[in-house]
Amino acid sequence: MKKKHHHKNKPGFFKKWSAKLHLWFGLGIGFLIFIISITGALYVFKDELEKFTRKDVIYHNEQNIEQKNVLPIRMMEKSVVEQVKEKYPVHWVNVPIDKKMSYLFYWYEHNTKAWNYFDELPVYKAAYVNPYTGKVLRVYDEKNGFFNIVKMIHWSFLLKQDWGPYVVGIPVIIFLIMLITGIVLWWPKNKAARKQRLSFKWKNVKSWKRKNYDLHNILGFYSSIFALIFTITGLFYAYFVVQAMIYVIFSGGETKYPDFSHIKTKAPIELRTEGTLDKVISTVIQKYPDAFGFAIDLGHKHMDDHEHPNFEVYVKHLSYSYHKSSSLIFDENSGELLHTHDPKDKNFGEKAVGANYDIHVGSILGLPTKIIAFIVSLICASLPVTGFMVWWGRRKKKPTKTA
């Protein structure tokens with residue numbers, strides 16, 4: 001007598017095609033997603049690790065600073081240039097509000113004609129400087145530094161930065177589709193199946209295939225919401241349309257981003273002196289005594305120079321995050337403050353755009369969100385591996401014999 005076989009209900013059209021797309025895309029871009037996710041995880045704790053390895057130069061340790069004055073910025077720049085002896089001009093300087101911290105001078109040149117990362121940046125280095133003496137405490141080659149190489153693998157696989165939207169952006173769009181199809185495939189039909197897919201029940205399970213399947217299925221589900229957020233915030237940098245959509249959605253339908261390019265320098269160039277930037281720096285420090293710091297462009301010509309509508313200074317209010325910032329426009333000849341745009345002046349769309357980087361790297365709320373970003377990035381890196389093993393295990397599966 002033949003046994004009756006109870007056949008499972010066939011999956012619907014949507015679920016069937018979700019499974020096909022999930023498989024094809026996974027096999028096609030799995031390795032790329034693994035690299036993007038691993039480099040993302042490695043980059044998460046960049047600031048914390050650099051603060052630890054550079055702690056002896058981040059603070060200059062100058063004594064009795066209450067009785068001393070910081071050197072004029074041009075005098076400090078001249079001293080730094082003489083010590084570092086770099087053929088390219090200094091690009092900008094990071095000025096901390098905390099008087100105990102060193103100034104940070106940067107050399108950065110961008111060769112737009114290059115095709116790979118190493119040729120694209122002829123120089124990218126940073127010098128920590130005692131602002132009271134002008135002494136260079138240490139110089140770092142940021143171009144060849146571990147974290148910057150990790151960052152550029154993450155952005156463009158060490159190819160030209162402008163190629164990032166293609167070599168990384170397109171795989172990330174596909175990964176976004178895979179996340180959505182993965183949720184569709186995970187979604188259970190009933191309560192019993194839901195319990196099975198929400199936790200690991202390995203007490204009586206010996207099969208590695210089942211354990212691997214659960215790792216892919218359960219970890220993929222729990223990380224999916226965060227992975228979607230990190231994916232969309234990553235696409236923000238690759239495609240303007242994503243930036244525009246985020247702004248329009250969070251601003252409540254505003255389609256025009258605030259533009260202050262009409263506020264320009266009006267004073268004659270004869271008013272520009274060696275002390276103009278010192279006046280700008282002094283104004284920012286007095287206006288934001290509780291901020292973390294800000295950057296000042298030193299005004300030299302560079303390889304990829306382009307027209308700047310005005311002289312703008314961005315103030316970073318928090319040490320661990322960029323989303324809380326102010327922008328100030330100065331007359332670059334007279335040093336007069338022309339315009340201020342503080343967090344309280346921004347609509348929610350501007351705040352969302354400004355918070356994108358911090359959300360993407362997990363620094364939006366400090367260490368807790370960085371830990372989440374690190375774990376989710378590792379899980380995302382594991383998904384192509386466990387997914388491939390699921391496919392490989394099924395591919396090698398022997399056909400069952402019929403009685």
Side-chain angles (χ1 to χ4, degrees), residues 11 14-15 17-45 154 171-236 246 355-394:
F14 187 59
K15 206 156 191 172
W17 275 99
S18 292
K20 288 181 180 293
L21 289 174
H22 196 78
L23 173 62
W24 295 338
F25 285 155
L27 293 175
I29 63 151
F31 180 69
L32 300 181
I33 295 303
F34 174 81
I35 297 298
I36 294 168
S37 300
I38 282 292
T39 51
L42 289 172
Y43 195 78
V44 167
F45 294 111
H154 184 78
V172 170
I173 290 174
I174 295 173
F175 182 61
L176 181 64
I177 297 171
M178 290 180 65
L179 287 171
I180 295 169
T181 55
I183 293 171
V184 171
L185 295 173
W186 175 91
W187 204 262
K189 290 184 177 180
N190 53 58
K191 190 175 180 180
R194 190 180 303 119
K195 286 183 178 180
Q196 178 64 41
R197 297 181 189 185
L198 285 172
S199 60
F200 297 101
K201 299 185 182 343
W202 289 350
K203 188 175 181 180
N204 298 314
V205 176
K206 295 181 179 179
S207 169
W208 71 267
K209 290 182 181 180
R210 180 50 192 263
K211 290 181 178 179
N212 178 73
Y213 177 81
D214 285 349
L215 285 171
H216 186 78
N217 213 22
I218 296 170
L219 292 182
F221 170 72
Y222 281 118
S223 66
S224 59
I225 299 301
F226 292 107
L228 283 168
I229 293 171
F230 295 142
T231 300
I232 293 169
T233 52
L235 291 172
F236 174 95
I246 289 175
N356 189 85
Y357 174 80
D358 298 311
I359 295 171
H360 187 65
V361 300
S363 64
I364 188 72
L365 297 177
L367 190 58
T369 44
K370 282 198 169 191
I371 292 172
I372 291 173
F374 179 72
I375 293 172
V376 171
S377 296
L378 289 181
I379 292 174
C380 287
S382 76
L383 293 177
V385 178
T386 54
F388 177 82
M389 292 172 68
V390 168
W391 170 77
W392 188 258
R394 288 175 176 174

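In this chain, numbering begins with 1 at the start of the sequence shown. Because the structure is predicted, anything quoted here is derived from the model rather than measured.
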How would you list, by chain and number, every residue that makes a side-chain contact (heavy atoms from CB on, under 4.5 Å) with [X], sequence neighbours excluded?
| X | answer |
| --- | --- |
| Ile371 | Phe45, Leu367, Ile375 |
| Val44 | Lys370, Ala373, Phe374 |
| Ser382 | Ile379 |
| Phe388 | Leu27, Trp391, Trp392 |

Side chain to side chain contact (heavy atoms under 4.5 Å, CB included) with Cys380: which of Phe34, Phe175, Phe226?
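So, applying the side chain to side chain contact (heavy atoms under 4.5 Å, CB included) to Cys380 and each of Phe34, Phe175, Phe226, only Phe175 qualifies.
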Got a second to check how far [X]'s [atom1] is from [Y]'s [atom2], nearest 0.5 Å?
| X | Y | atom1 | atom2 | answer |
| --- | --- | --- | --- | --- |
| Trp208 | Lys211 | CH2 | NZ | 12.5 Å |
| Ile177 | Thr231 | CD1 | OG1 | 11.5 Å |
| Ile359 | Ile364 | CD1 | CD1 | 5.0 Å |
| Ile33 | Leu383 | CD1 | CG | 10.0 Å |
| Ser223 | Ile218 | OG | CD1 | 12.0 Å |
| Leu179 | Phe25 | CG | CZ | 12.5 Å |

Could you check if a side-chain atom of [X] sits within less than 4.5 angstrom of a side-chain atom of [Y], using non-hydrogen atoms only?
| X | Y | answer |
| --- | --- | --- |
| Met178 | Ile29 | yes |
| Leu228 | Ile183 | yes |
| Asp214 | Leu219 | no |

Is it the case that the side chains of Asn212 and Thr386 hold a donor-acceptor pair, with the cut-off being a distance below 3.5 Å and no angle test?
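No donor-acceptor contact under 3.5 Å links the two side chains.
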Could you tell me which non-hydrogen atom of [X] sits nearest to which non-hydrogen atom of [Y], and how far apart they are?
| X | Y | answer |
| --- | --- | --- |
| Thr369 | Gly362 | OG1-O, 2.6 Å |
| Thr181 | Ser18 | CB-O, 3.7 Å |
| Lys15 | Val184 | CE-O, 3.2 Å |
| Ser37 | Ala381 | CB-N, 3.5 Å |

For the pair His154 and His360, name the ring-plane relationship: parallel under 30°, tilted 30 to 60°, perpendicular over 60°.
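Judged by the thresholds at 30° and 60°, the geometry between His154 and His360 is tilted.
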Residue pairs, two or more places apart or on separate chains, that pass side chain to side chain donor-acceptor pair (under 3.5 Å) and touch residues 171-180:
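Non-adjacent pairs meeting side chain to side chain donor-acceptor pair (under 3.5 Å): zero.
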Would you please name every residue forming a ring-ring contact (aromatic ring centres under 6.0 Å, His included) with Tyr357, sequence neighbours left out?
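So Tyr357 forms a ring-ring contact (aromatic ring centres under 6.0 Å, His included) with Tyr322.
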